[in-house]
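Pasting a structure here, questions to come.
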Amino acid sequence: MGHFVLIDGNSIANRAFYALPLLSTSAGLHTNAVLGFTTMLLKVLEELQPTHIMVAFDAGKVVFRHSEFAEYKGGRKKTPPELSEQFPLMRELLDAFSIKRFELEGYEADDIIGTLTKQADEQNWKTTVITGDKDMLQLVSDHVSVALTRKGVSEIELYTPQEITDKYGLEPLQIIDLKGLMGDTSDNIPGVPGVGEKTALKLLHEYGSVEQVLENVDRVSGKKLQENLRENVDKAKLSKALATIMRDAPVELNLGDTAYDGYDGASVTEFFKKMEFKSLLSKVKGTAPTAQSEEKQAFSFEVVTSANADAFAANLTSPMAIYVEMDGENYHHAPILGFGLANEDIALYVSWDEAKEWEAFRNWLGDAGQEKWTFDGKRDTVGLAWHGLDIKGINFDVYLASYLLNAAESNPTVDSIAAQYAQIRVLPDEELYGKGAKRLIPETDELSEHVAKKAKAIWQSVPVLREQLEENDLSGLLNDLEGPLSLVLAEMEKHGVRVNAERLAQMGDELDRKLEELTAKIYDLAGMSFNINSPKQLGEVLYEKLDLPVLKKTKTGPSTSADVLEKLAPYHPIIDTILTFRQLGKLRSTYIEGLTKEIHGNTSKVHTIFNQATTATGRLSSTDPNLQNIPIRMEEGRKIREAFIPSEADCYILAADYSQIELRILAHISGDENLIDAFRKNMDIHTRTAMDVFGVAEQDVTSLMRRQAKAVNFGIVYGISDYGLSQNLNITRKEAGDFIERYFSVFSGVKRWMEEIVQQAKQDGYVTTLLQRRRYLPDIRSSNFNLRSFAERTAMNTPIQGTAADVIKLAMIRMQKSLEEKGLKSRMLLQVHDELVFEVPQDELELMQELVPEVMENALELDVPLKVDVNYGRSWYDAK
DNA sequence: TGGTTCACG
DNA sequence: ACGTACGTGAACCAA
């Protein structure tokens, strides 16, 4: 016996849209309604096993059958664009599943379904309607069931005539009368005021229909209810009419057309991939992955021991995937547990103890001719170096590749990469080891399988990643930039930076003294002691005890941030003391204590980790310790830099920083003639901006004008807004708006570029840097003003910040190469976004002062010159 | 664990 | 009318 399933497309789409968070693909396409629709569809196909299936959609402008209808139906909430844009995708979905869809110009989906169920009923077909709309229950008959979606769309509840009687004590057609009396706010059916489900059911149980209720209104109990019914006769009748589903639309059903005999797994898989429905891929029937993935779960691997190592030596191939398992996050300290190795034919595990003794492996590892595929080759290189092992020949890094494909998914892990690009699944480390205090190294056989699996996942991911990199024009960036850079960074991390611990300790003692004094003074001024570091307690003291005005609030209470406190300074002397306390407290905890903790026991150096796959723009970041935010702006903090010294005698610290690199890049990519002119003439850019914006001669630019122009230039780089600028300069929004307007009239090329880049982002869903680095902006088409504005500013900022990151990365690769080729002893120590720091032996100082800017300035040719300032001294502090 | 604050570019 | 400048990491507090 056949089973005909009819789906109310619009109802399901709406339900799904509002039930699920607003998901989107990496290209910014919203997919939540499609995902919900898909889940529902898979469930229906599995549970109902339809032989015939069809989906109905609303189409065109609905022709209202009563003039009064217009008022109510017209008052419906407009469909948000995030949902509208998903309707074409849902049609694609149905096509992928080979499911017929039906639309009729001028009719709603429920009219079509009402008509078709009537025809099906007359021909005695077993029929099920899938909808989220309770009105549809009126269609239920001996042959027709209605399945209502529950909890969004994840569950369905089936209604036959019996269930309707059980639940409401009504016949299916009386559902219309029920709605007529109680109304339905979501559908703009008014109903009778004061009548809800309870009253409506009571009335219907007694009288049977809206008409009978109205006819017998005198007998209805309750004075107020009688009155409401009398006064709303028209409304009740209209509501009933509105709730009645049309059953005679001009639709002819040919059941044969809707026959369903399964879907083509390949086209569904392709669609899921496009939608990035990764978790659903395994549910696709009849395609190779499902059948095979079960088998491939039976993963096999071998453990290499001293007894069998000779036999496995032949399995060390080129290329081969390798994963180095370490016990801990920080690879400068982590013990090595073992190695996973894999190629197409085999997966191996070698414990650290066995590996040390396995000569063939060590030779293979250090042989640059033997290609290796890695997950974070920098980690492997540095981690192994600490244990005296060399790894060479890294030729593809899935960690970097995955970052380039989607920088938003920061810090990819082997399990996440496997889930996206490989066939086998890898357990997240956390699940194997446990986290926090519960962390425990598992049994040997569990560990060896896990590590071998990681290597296999790397092996399987490479071809997929290669293809996707190629498609997105990112292969060059990996092979010529991020890949080589990771080895440069490895050298820098391994070498480390020498820190003078005694100097830090001295400074710490001094800070302790000062902080003690400040604490006493603050307690005295407040008239009580409290935890100054607690924003909550501080807020109570300032805003309750001392009754200072609240200028800004955070989610949790009144703000005590520095910019607010500065404005409060005139009210009370405690404010300045608190600001100083905060400043010094930060220096002590983060830079004295924090940095001291990171000094490596035997080297007396700090070895940071430069994270190459964290930021959304392509910049590096630095952790454990972060050496990219060592104080410089305030003199007290800047002194911290006195503790950063060369690691060898008779050496200097040399620092080289790009001057205005971001504005120069803006000049290049916008092509703004005025900005280009300014840089070609090597002018002070903020002064030049002030001249142009304020219309004065160079000698008439005041320091205030220059300061304001500088803020405007910053704002431009960040994706300017009048509000942001007004906050920064402490001026009104109107004044800030005027500045921006004047800036754009002088730098019209910049204005044009900003408009174009936002347009381009809206069109493509992403923006790129000069070297094709890509950042997706899923919110760029959002109807939420905040989200969209944020994405727009990001669209303007990322090509600038990201290109600057590209440039200095190129410079680092060339610099390292140059140092090696020239056989210099100078070492590159740090990168701080627009600055490179070196340690340089005395006899190389002269050469390096020429070489470093030469390499940096010529890293990439732009329409404006790049400019680099170089300074050196006996400490980082003195390199100014 | 999330929120706040603050150090840097 | 909406309410923020872009990108990071670390320390600390309060649940």
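Residue numbering restarts at 1 for every chain, and letters A, B, ... go by the order of the sequence lines. Not measured: the values here are computed from a predicted model.
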### Shortest non-hydrogen contact between A/A804 and A/E662, atoms and distance
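Taking A/A804 first and A/E662 second, the nearest heavy atoms are CB-CG, 4.2 Å.
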### Query
Base, sugar-phosphate, or nothing: which does A/K586 touch, judged by heavy atoms less than 4.0 Å apart?
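The answer is base, as A/K586 lies within the cut-off (heavy atoms under 4.0 Å) of a base atom.
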### Query
Among C/dT4, B/dA7, B/dC6, which is the nearest nucleotide to the side chain of A/S561?
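Of C/dT4, B/dA7, B/dC6, B/dC6 is nearest to the side chain of A/S561.
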### Query
Using the ring of each side chain (for Trp, its six-membered ring), is A/Y766 parallel, tilted or perpendicular to A/Y776, with breaks at 30° and 60°?
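If you compare the ring of A/Y766 with that of A/Y776, the planes turn out perpendicular.
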### Query
Separation of A/F714 atom CZ from C/dG7 atom P, in whole Å?
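Whole-Å distance recorded here is 15 Å.
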### Task
Round to the nearest Å and state the distance from A/D563 atom CG to C/dA5 atom P.
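Computing the A/D563:CG to C/dA5:P distance gives 10 Å.
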#### Entry: Contact under 4.0 Å: A/S534 side-chain N or O vs C/dA14 OP1/OP2
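Checking A/S534 against C/dA14: at least one side-chain N or O falls below 4.0 Å of OP1 or OP2.
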### Message
Would you say A/T554 places a side-chain N or O within less than 4.0 Å of OP1 or OP2 belonging to B/dT4?
### Response
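A/T554 to B/dT4 OP1/OP2: side-chain N or O found under 4.0 Å.
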#### Entry: A/R633 (side chain) and B/dG9 (base): donor-acceptor pair under 3.5 Å
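By the distance-only test, yes, there is a pair.
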### Task
Look at all strands and tell whether A/A616 reaches a base, only sugar-phosphate, or nothing, counting heavy atoms closer than 4.0 Å.
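Sugar-phosphate, backbone atoms only, no base.
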### Task
Just call it for A/A407: base, sugar-phosphate, or nothing, with non-hydrogen atoms closer than 4.0 Å on any strand.
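Result for A/A407 = nothing.
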### Query
When we call it a touch if two heavy atoms are under 4.0 Å apart, what does A/D624 touch: a base, just sugar-phosphate, or nothing?
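Sugar-phosphate, no base atom in range.
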### Query
So what does A/E593 touch, heavy atoms closer than 4.0 Å: a base, only the sugar-phosphate, or nothing?
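No contact.
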### Query
Do NZ/NE/NH1/NH2 and the carboxylate oxygens of A/R742 and A/D738 come within less than 4.0 Å?
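Answer for the salt bridge query: no.
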### Task
Could you state the atom-to-atom distance from CG of A/N533 to P of C/dC13 in whole Å?
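Nearest whole value for this atom pair: 5 Å.
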### Query
Which of parallel (below 30°), tilted (30 to 60°) and perpendicular (above 60°) describes A/F694 and A/F739?
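If you compare the ring of A/F694 with that of A/F739, the planes turn out perpendicular.
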### Message
Using a heavy-atom cut-off of 4.0 Å across all strands, would you classify A/I630 as base, sugar-phosphate, or nothing?
### Response
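The answer is sugar-phosphate, as A/I630 gets under 4.0 Å only of primed atoms, P, OP1 or OP2.
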### Task
Answer yes or no: side-chain N or O of A/S721 and base N or O of C/dT4 forming a donor-acceptor pair under 3.5 Å.
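Side chain to base: pair found, below 3.5 Å.
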### Query
Looking across every strand, which nucleic acid part, if any, lies under 4.0 Å from A/T560 by heavy atom: base, sugar-phosphate, or nothing?
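A/T560: backbone/sugar contact only, no base atoms under 4.0 Å.
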### Message
In whole Å, I'd like the distance from the CD atom of A/E662 to the C1' atom of C/dA5.
### Response
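The distance from CD of A/E662 to C1' of C/dA5 comes to 13 Å, rounded to the nearest Å.
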### Message
Distance check needed: C/dG3 P versus A/I720 CD1, whole Å only.
### Response
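About 21 Å, once rounded to whole Å.
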### Message
Taking C/dC2 as the reference, what is the distance to B/dC6 when you measure between their C1' atoms (whole Å, please)?
### Response
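Pairwise C1' distance, B/dC6 against C/dC2, rounds to 29 Å.
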### Message
Rounding to an integer number of angstrom, what distance separates C/dA5 and B/dT5 when you compare their P atoms?
### Response
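13 Å, rounded to whole Å.
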### Query
CZ of A/R588 versus P of B/dA7: gap in Å, rounded?
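After rounding, the reported distance stands at 15 Å.
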### Message
Under 4.0 Å, counting only non-hydrogen atoms across every strand here, what does A/Q801 touch: a base, just sugar-phosphate, or nothing?
### Response
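Touches a base.
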### Query
Judged by atom type as modelled, is there a donor-acceptor pair below 3.5 Å linking the side chain of A/Y399 to the main-chain atoms of A/Q612?
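Side chain of A/Y399 to backbone of A/Q612, a donor-acceptor pair under 3.5 Å: no, none is there.
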### Query
To the nearest angstrom, how far is A/L830 atom CG from C/dT8 atom C1'?
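Those two atoms, CG and C1', are 16 Å apart.
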### Query
Contact class for A/N626 (heavy atom, under 4.0 Å): base, sugar-phosphate, or nothing?
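Sugar-phosphate contact only - A/N626 comes under 4.0 Å of backbone atoms but never of a base.
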#### Entry: Short side-chain N/O contact to C/dC6 OP1/OP2 from A/R793, under 4.0 Å
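A/R793 to C/dC6 OP1/OP2: side-chain N or O found under 4.0 Å.
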### Query
Under 4.0 angstrom, heavy atoms only, what part of the nucleic acid is A/N728 near: base, sugar-phosphate, or nothing?
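The answer is base, as A/N728 lies within the cut-off (heavy atoms under 4.0 Å) of a base atom.
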### Query
For A/G719, which contact category applies under a 4.0 Å heavy-atom criterion: base, sugar-phosphate, or nothing?
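The residue A/G719 makes no contact with any strand.
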### Message
Please report the distance, rounded to the nearest Å, between CG in A/N786 and C1' in C/dA5.
### Response
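Atom CG in A/N786 sits about 13 Å away from atom C1' in C/dA5.
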### Message
Does B/dT5 have OP1 or OP2 under 4.0 Å away from a side-chain N or O of A/S559?
### Response
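A/S559 to B/dT5 OP1/OP2: side-chain N or O found under 4.0 Å.
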### Message
Please name the nucleotide paired to C/dC12 by Watson-Crick or G-U wobble geometry with both distances under 3.5 Å, or report none.
### Response
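Looking at the geometry, C/dC12 pairs with B/dG3.
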### Message
At 4.0 Å (heavy atoms only), tell me whether A/R582 reaches a base, stays on the sugar-phosphate, or touches nothing.
### Response
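Touches sugar-phosphate only.
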### Task
Would you say whether A/Y718 stacks on C/dC6? The test is a distance between ring centres of less than 5.5 Å and an angle between planes of less than 30°.
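Yes, A/Y718 stacks on the base of C/dC6.
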### Message
When you measure from the side-chain N and O atoms of A/Q537 to the phosphate of C/dA14, is any distance below 4.0 Å, counting only OP1 and OP2?
### Response
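True: A/Q537 side-chain N/O within range (under 4.0 Å) of C/dA14 OP1/OP2.
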### Message
Taking the nucleotide of DNA chain C with the nearest heavy atom to each, does A/R733 or A/F790 sit closer to the 5' end?
### Response
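Looking at DNA chain C, the more 5' nearest nucleotide goes with A/R733.
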### Query
Are A/S621 and C/dG9 close enough that a side-chain N or O sits under 4.0 Å from OP1 or OP2?
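Yes, within the criterion.
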### Query
Can you check whether A/R788 has a side-chain N or O nearer than 4.0 Å to OP1 or OP2 of C/dC2?
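Indeed not, no polar side-chain atom of A/R788 lies that close.
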### Query
Paired with B/dC8 by Watson-Crick or G-U wobble geometry, both distances under 3.5 Å: which nucleotide is it?
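Across all strands, the one nucleotide that pairs with B/dC8 is C/dG7.
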### Task
Name the nucleic acid region contacted by A/T798, choosing base, sugar-phosphate or nothing; use a 4.0 angstrom heavy-atom cut-off, strictly under.
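Nothing, no nucleic acid heavy atom in range.
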#### Entry: Flag side-chain contact, heavy atom, 4.5 Å: A/R773 against A/E482
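They are in side-chain contact.
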### Message
Taking any heavy-atom pair under 4.0 Å as a contact, classify A/A562: base, sugar-phosphate, or nothing.
### Response
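Here A/A562 touches the backbone only, sparing every base.
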### Task
Report yes if the side chains of A/K751 and A/Y743 come closer than 4.5 Å at any heavy-atom pair, otherwise no.
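They are not in side-chain contact.
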### Query
Taking only side-chain nitrogens and oxygens of A/K536, does any of them come within less than 4.0 Å of OP1 or OP2 of C/dA15?
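Yes, within the criterion.
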### Query
Does the pair A/E635/A/K639 count as a salt bridge with the N-to-O cut at 4.0 Å?
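Judged by the 4.0 Å cut-off on N to carboxylate O distance, A/E635 and A/K639 do form a salt bridge.
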